[in-house]
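I have placed the structure first, in the form of structure tokens, so that the comments after it can refer back to it.
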2 protein chains.
Amino acid sequence: MRHYCLPQGLSSDDVNTLQKVIVNARTIKRGETLFRVGDTFDTLYAVRSGSLKTVVSTPNGSGREQVMGLHLGGDALGLEGFDNGRHACHAVALEDSSVCLIPYVHFERACRETSALQRRLLQLLSREVVRKSTQTLILGTLRADERVAALLLDLSARLKHRGYASNEFNLRFTRDDMGSFLGITLETVSRTLSRFQAKGLIDANGKLIQILDFDGLRAI
Amino acid sequence: MRHYCLPQGLSSDDVNTLQKVIVNARTIKRGETLFRVGDTFDTLYAVRSGSLKTVVSTPNGSGREQVMGLHLGGDALGLEGFDNGRHACHAVALEDSSVCLIPYVHFERACRETSALQRRLLQLLSREVVRKSTQTLILGTLRADERVAALLLDLSARLKHRGYASNEFNLRFTRDDMGSFLGITLETVSRTLSRFQAKGLIDANGKLIQILDFDGLRAI
DNA sequence: CGTGATCTTGAAGCGCTTCAACACAAGTGG
DNA sequence: CCACTTGTGTTGAAGCGCTTCAAGATCACG
């Protein structure tokens, strides 16, 4: 339990309370969908292992899609549903993954009994706001190479925080997903990575990325 | 009270509870700052009258800034602070405005006593996540003219929801602010508005905008 | 081993930015 | 009150960064 997102900052009593409301876990295969736009929001999710992306479609029927978030092990998922009781995005597994399911009605009761849990939930939602704000800032102000560098550094930091190597990782998503997430085309992503490699900043072999020069990436 | 953001969906008893924790209001003049990046988060804000923008600076010292949000009367403000207890953006008044101040410690206590209030807070935070997601989608997928149209329609809908005219409004922010919010330059904003006017979609005289053809704007 | 998905790279084109000049409105001080 | 300054908005022209289209290479998976 202690690896996961929710219990951080909770006493062991509180964790026990939480443990009781987590009914079960679910495994989903690569490419499968955990929930879709419009699904009723009655469950909180937390990524246990693997990774997922959240995706939305543009309102007008142009068929364009945008990757809104990349969720690694330990991340919460589906918090946007509080607003109107329905999910506002699709969640798709990027690899075979497993997620914790927490029925919201149980969780809400536990929140009233345990103020630490209530605070934790507010913090998670607030963190989501900050994360989205960062993404908005990236899409609003940065050039393509700055966006790619920011994504690599963000992934590196998140993996490090989870105890994995921070300088080498295997991307679970395609160039298309990266581009969609960053608001650029997959060709631009590919060209940018090639340029980074030519400069000696990274070593990229398809989905396997090794960061060679952190300061160089940060300086872009 | 009932015009404001927080009480929606609350019983009159609950509203009374809430009323007690709102210590006071504060007026701020155009251009003044309500809070800054790094300020300790100990107060929730709600716009009572007027309007404010929230602004962040890019992490690297390039001096670039981005408008993150435009907050009209009734909107909540400063919710991003839950994450780490410090504000992640500046809040600047776009005109002479007044805001409600709600000390967070009082509010948190009221939340535990009143589950409707707790749910309302979660909903507000979640709405903020959805709003940021929409903004990310706009910056990630839309062309300049689509972005400007989306902003005009969004403002129109929000003003209508507040009981104002939906087809005519006086922008309180500059072309520069609009451009920053939409991730384009102020020149592109100006050119786009001129083009809309030439097409008969709007009538724009500086900050005074009149929407003539809603369907036309939506179809862009 | 073959087939479809994914990735890389090139070349042409376009949308937006940048730079610049000017018009206009708002606010300020003599 | 007007001249002045300052901030804001409009429009044009040149340039650049990214997209689009296209072709081939490489990878992944049944």
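Below, read A as the first sequence line, B as the second, and so on, with proteins coming before strands; counting in each chain starts at 1. Quick caveat, the model's predicted, so the values are computed rather than measured.
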Name the pairs: protein N/O against N/O of nucleotides 19-23 of chain C, kept only if under 3.5 Å.
{"from": "dC19(C)", "atom 1": "N4", "to": "Glu187(B)", "atom 2": "OE2", "distance (Å)": "3.2"}

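No donor-acceptor distance shorter than 3.5 angstrom exists from the side chain of Glu65(B) to the backbone of Val56(B), with no hydrogens or angles considered. At distances below 3.5 Å, not a single donor-acceptor pair connects side-chain atoms of Thr43(B) with backbone N or O atoms of Leu101(B). Ser156(A) places no side-chain N or O within 3.5 Å of a backbone atom of Leu152(A) that could act as its donor or acceptor partner.
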Requested in this report: Report the C-alpha separation of Tyr45(B) and Leu52(B) in whole Å, then their side-chain angles, then the decisive distance to 0.1 Å, and conclude whether the side-chain contact (heavy atoms from CB on, under 4.5 Å) test is met.
Outcome: CA-CA 11 Å; Tyr45(B) 301 96; Leu52(B) 296 89; over 6 Å; no

**Report entry** side chain to side chain donor-acceptor pair (under 3.5 Å) between Gln197(A) and Asp203(A), intermediate numbers included
**Finding:** CA-CA 6 Å; Gln197(A) 179 149 15; Asp203(A) 186 32; 2.8 Å; yes

Report task. Would you please test Thr134(A) and Asp154(A) for side-chain contact (heavy atoms from CB on, under 4.5 Å) and show each step? Result -> CA-CA 11 Å; Thr134(A) 305; Asp154(A) 178 54; over 6 Å; no

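Residues from residues 168-180 of chain A lying near DNA chain C, meaning a heavy-atom separation below 4.0 Å, are Thr174(A), Arg175(A) in numerical order.
Minimum interatomic distance between Asp83(B) and Gln123(A) (heavy atoms only, all atoms of both residues): O-NE2, 3.0 Å. In plain terms, the two heavy atoms of Arg158(A) and Asp75(A) that are nearest each other are NH2-OD2, 2.8 Å. Considering all non-hydrogen atoms of both residues, Phe196(A) and Asp145(A) come closest at CZ-O, 3.4 Å. Taking each heavy atom of Val92(B) and Gly31(B) in turn, the nearest pair found is CG1-O, 3.6 Å.
For the pair Asp96(B) CG and dG27(C) C1', the interatomic distance rounds to 14 Å; values are reported in whole Å.
Partner Ser51(B) forms a side chain to side chain donor-acceptor pair (under 3.5 Å) with one of Arg172(B), Arg30(B), Glu95(B), His71(B) and no other, that one being Glu95(B).
Nucleic acid contact class of Leu186(B) (heavy atoms, under 4.0 Å, all strands): base. Residue-level contact check: Gly183(B) touches the backbone only, with heavy atoms under 4.0 Å from sugar-phosphate atoms and none from bases.
Contacts between chain A and DNA chain D, taken as any atom within less than 4.0 angstrom of a protein heavy atom, begin and end at dC18(D) to dC21(D).
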Show me, pair by pair, the donor-acceptor contacts under 3.5 angstrom made by side chains of residues 181-191 of chain A, not counting sequence neighbours?
{"from": "Thr185(A)", "atom 1": "OG1", "to": "Thr188(A)", "atom 2": "N", "distance (Å)": "3.4"}
{"from": "Thr185(A)", "atom 1": "OG1", "to": "Thr188(A)", "atom 2": "OG1", "distance (Å)": "3.0"}

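Counting only residues at least two apart or in different chains, ring-ring contact (aromatic ring centres under 6.0 Å, His included) contacts with residues 81-100 of chain A comprise Phe35(A)-His87(A), Phe41(A)-Phe82(A), Phe41(A)-His87(A), Phe82(A)-Tyr104(A).
Remark on the helix from dC1(C)-dG30(D) to dG30(C)-dC1(D): inter-end axis angle 50°, axes from five-pair C1' superpositions, rounded to 10°.
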